[in-house]
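Only this structure's heavy atoms are used, side chains among them; waters, hydrogens and symmetry mates stay out. Nothing here was measured: the structure is a model prediction, and the numbers come from that model. To find a chain, count down the sequence lines: A is the first, B the second, and so on, and within it residues start at 1.
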Number of protein chains: 2
Amino acid sequence: MTFAVTVDLVMLTIRDGALCVLLVRRAIPPHLGAPALPGGFVLPDEDLAAAAERELAEETGMTATGHLEQLASYGTPGRDPRGRVVTVAYLALLPDAPVPHAGGDAAGADWMPVRALPPLAFDHDRILADGIERARAKLEYTPLAAAFCPPQFTIGELRQVYEAVWDTRLDPRNFHRKATSTDGFVAPTGLSTTGERGRPAQLFSRGTATVLHPPLLRPSAGR
Amino acid sequence: MTFAVTVDLVMLTIRDGALCVLLVRRAIPPHLGAPALPGGFVLPDEDLAAAAERELAEETGMTATGHLEQLASYGTPGRDPRGRVVTVAYLALLPDAPVPHAGGDAAGADWMPVRALPPLAFDHDRILADGIERARAKLEYTPLAAAFCPPQFTIGELRQVYEAVWDTRLDPRNFHRKATSTDGFVAPTGLSTTGERGRPAQLFSRGTATVLHPPLLRPSAGR
DNA sequence: ACAAAAGTGTTCCTCATACACCCATGT
DNA sequence: ACATGGGTGTATGAGGAACACTTTTGT
C-alpha cells in the first residue's frame with residue numbers, strides 16, 4: 001500500500017497588531033477556489049523538512065529567517081478525494097514584511113487575520129487550529145516570540161507579539177522587566193529607536209536561550 | 001511519487017522504579033535481529049491513530065488504558081533501505097503489567113530500561129529520544145504521570161513515576177501537598193492501601209484536569 | 001504644556017523549597 | 001521498640017500582579 005505525502009505550512013506573522021496566517025486560493029481541484037494552507041507534494045529524494053523549507057521559500061522568498069518546526073501529521077482516509085494522502089504539517093513563525101508570491105497550484109496568496117477566517121479546504125481548519133495553539137503554547141516557555149520580529153526590535157514590539165498571539169493585554173512595565181531580566185531572551189544592542197512617538201526605546205536582538213526560565217505564562221491560563 | 005507509511009510506537013512504562021521502553025527484535029530484514037520500536041505499515045483504509053492503537057493492542061493486548069498521542073513524523077530519504085518510507089511515531093504511556101506478545105515481524109518483545117540501551121534499527125534511537133523528552137516535558141504541565149499508574153494509586157506511586165521519568169529524587173512531603181492540592185490532578189477514592197510497610201496510604205484515581213496549574217517543574221530545569 | 005511610550009521602584013501575594021514534626025502500620 | 005513510609009505545619013525566598021512614579025521624546 002502506498003500513499004502520497006505532502007507538506008502543508010501554517011505560516012504565522014503579525015500584521016497591524018493581529019495574528020495572521022498565509023492562505024492561498026486553490027487554482028486546481030479539489031476545492032478549486034477555496035482558501036487553503038500553502039503546501040505541496042514531497043519530492044522523491046527530498047527530506048520532509050527540506051520540502052517545508054522549499055514551500056516556505058516559494059511562497060515568501062525568505063530563507064533562514066523566523067522559525068520552522070514540524071507540527072503534526074494528518075492522514076485520515078478520505079481527507080483528500082484524490083486518494084490516500086498523508087500530510088506533514090509545519091509551523092512557521094515569520095517577521096512581517098514578505099509579500100506573498102502566487103504561483104503553482106495557487107491562484108493567489110494573502111495574509112488573513114486568524115479571527116474571522118473562512119472555512120478552509122481539506123482538513124486545514126484543524127491543522128491551522130493546531131498550529132495556532134502550538135504557537136500560543138510555545139510563546140510561554142520559549143523565546144520564539146522574537147521569531148515574529150525583525151532582527152532588531154524593541155521590548156514594546158515584542159510585547160505586541162504576545163498580545164497579538166494570545167489576544168490579551170499585558171502590563172508594559174511588568175513585561176519589560178520580565179523580558180529584559182530573563183536570561184538569554186533578548187540581547188541589548190546598545191542602539192535606540194528614534195523618530196517615534198514617546199521616549200526612544202532600546203533595540204534588542206534575539207538572545208541565545210532556547211527555553212525561558214522562568215516561563216511567561218498566559219494571564220488566563222493560571223486558574 | 002508514492003511513499004510507504006508506517007507507524008512506530010514509543011511505549012513507555014515504569015518497571016522496578018526505572019523508565020522502560022518496549023523493544024522488539026526484528027524477525028525480518030532489514031536490520032534482522034536488531035532491537036527496534038514496535039510498529040508496522042498503515043492499512044489502506046486505516047486512520048493513523050487507529051493504526052497506532054492497533055499496534056499497541058497487538059503488542060500488549062491493552063485498549064483504552066494509559067495514554068496515546070502522536071509524537072512526530074520521520075521521513076528522511078534513505079532511512080529505510082527498502083525505499084521511501086515515512087513513519088508517524090506515536091507515544092504511549094502505560095501502567096506496568098502487560099506482558100508483551102511476540103508475533104508478526106518481531107521475534108520477541110521486552111521492556112528495556114531507557115538507560116543503557118542498545119543501538120536501535122533505522123532512526124529509532126532518534127525517535128525514542130524524542131519520545132522520552134516529550135514524556136519528560138509533559139509530566140511538568142499535564143497530569144499524564146497518572147497514565148503510568150493503575151486506576152487506583154497512591155501519591156507515593158505517583159511520585160515514583162516522576163522520579164523514574166525525570167531520574168531525580170523529589171521531596172515526598174512537598175510532592176504530596178502539590179499533587180493533592182493541584183486542582184483536578186488526582187481524585188480521592190476514600191480507599192486506603194493495607195499490608196504495605198509503613199502507614200497506609202490513601203488511594204486516588206486520575207483527576208479531570210488536562211493541564212496542571214501551576215505546573216510541577218523539574219528540579220534542574222529552573223536555572 | 002501636553003500626550004505618549006519607555007523604564008524603575010515598591011508592595012502584596014502565591015507558590016516552591018527545605019525541613020521539623022506527627023501518624024499508622026509491619027516486624 | 002523501631003523502622004518505614006504517609007501526611008501536616010511552618011519559615012524563607014523567588015517571582016508574578018498591580019500600580020505609583022520618573023524619563024525622554026514628538027507635537
Just N and O in the side chain of [X]: are any of them under 4.0 Å from OP1 or OP2 of [N]?
X	N	value
A:Lys178	D:dG16	yes
A:His176	C:dA6	no
B:Gln202	D:dG6	no

query = Is any NZ, NE, NH1 or NH2 atom of the basic residue among A:Asp167 and A:Arg115 found under 4.0 Å from an Asp or Glu carboxylate oxygen of the other?
reply =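 A:Arg115 and A:Asp167: salt-bridged.
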request  = Classify the angle between the aromatic ring planes of B:His124 and B:Phe122 as parallel (below 30°), tilted (30 to 60°) or perpendicular (above 60°).
outcome  =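 Answer is tilted, since the angle falls between 30° and 60°.
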Between [N] ([atom2]) and [X] ([atom1]): distance, integer Å:
X	N	atom1	atom2	result
B:Asp183	C:dC15	CG	P	11 Å
A:Leu191	C:dA6	CG	P	17 Å
B:Leu217	D:dG15	CG	C1'	12 Å
B:Phe175	C:dC15	CZ	P	17 Å
B:Arg169	C:dC19	CZ	P	16 Å
A:Leu170	D:dA18	CG	P	11 Å
A:Glu196	D:dT23	CD	P	23 Å

query = Can you name the one residue among B:Asp130, B:Asp8, B:Thr6 that meets side chain to side chain donor-acceptor pair (under 3.5 Å) with B:Tyr74?
reply =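 So the option named by the test is B:Asp130.
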[atom2] on [Y] to [atom1] on [X], rounded to 0.5 Å:
X	Y	atom1	atom2	answer
B:Leu37	B:Asp123	CG	CG	9.0 Å
A:Leu68	A:Glu55	CG	CD	11.5 Å
A:Tyr141	B:Tyr141	OH	OH	4.5 Å

Among B:Thr87, B:Val88, B:Leu48, B:Val7, the one residue meeting side-chain contact (heavy atoms from CB on, under 4.5 Å) with B:Ser73 =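 Looking at B:Thr87, B:Val88, B:Leu48, B:Val7, the match for B:Ser73 under the side-chain contact (heavy atoms from CB on, under 4.5 Å) is B:Val88.
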task = Output the single nucleotide from D:dT10, C:dG7, D:dG15 whose closest atom is nearest the side chain of B:Arg177.
result =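 From the listed options, D:dT10 comes nearest.
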ask   = Of all the choices, C:dC15, C:dG7, D:dA18, which nucleotide is nearest to the side chain of A:Asn174 once you look at every atom?
value =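 Of all the options, the side chain of A:Asn174 is nearest to D:dA18.
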What pairs of nitrogen or oxygen atoms, one from the protein and one from nucleotides 1-5 of chain D, lie under 3.5 Å apart?
unit_1	atom_1	unit_2	atom_2	d
D:dT4	O2	B:Gly198	N	3.4
D:dG5	OP1	B:Arg197	NH2	2.9
D:dG5	N2	B:Arg199	N	3.4

request  = Please figure out whether A:Glu157 or B:Arg173 has its closest DNA chain C nucleotide nearer the 5' end.
outcome  =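 Final value for this comparison: A:Glu157.
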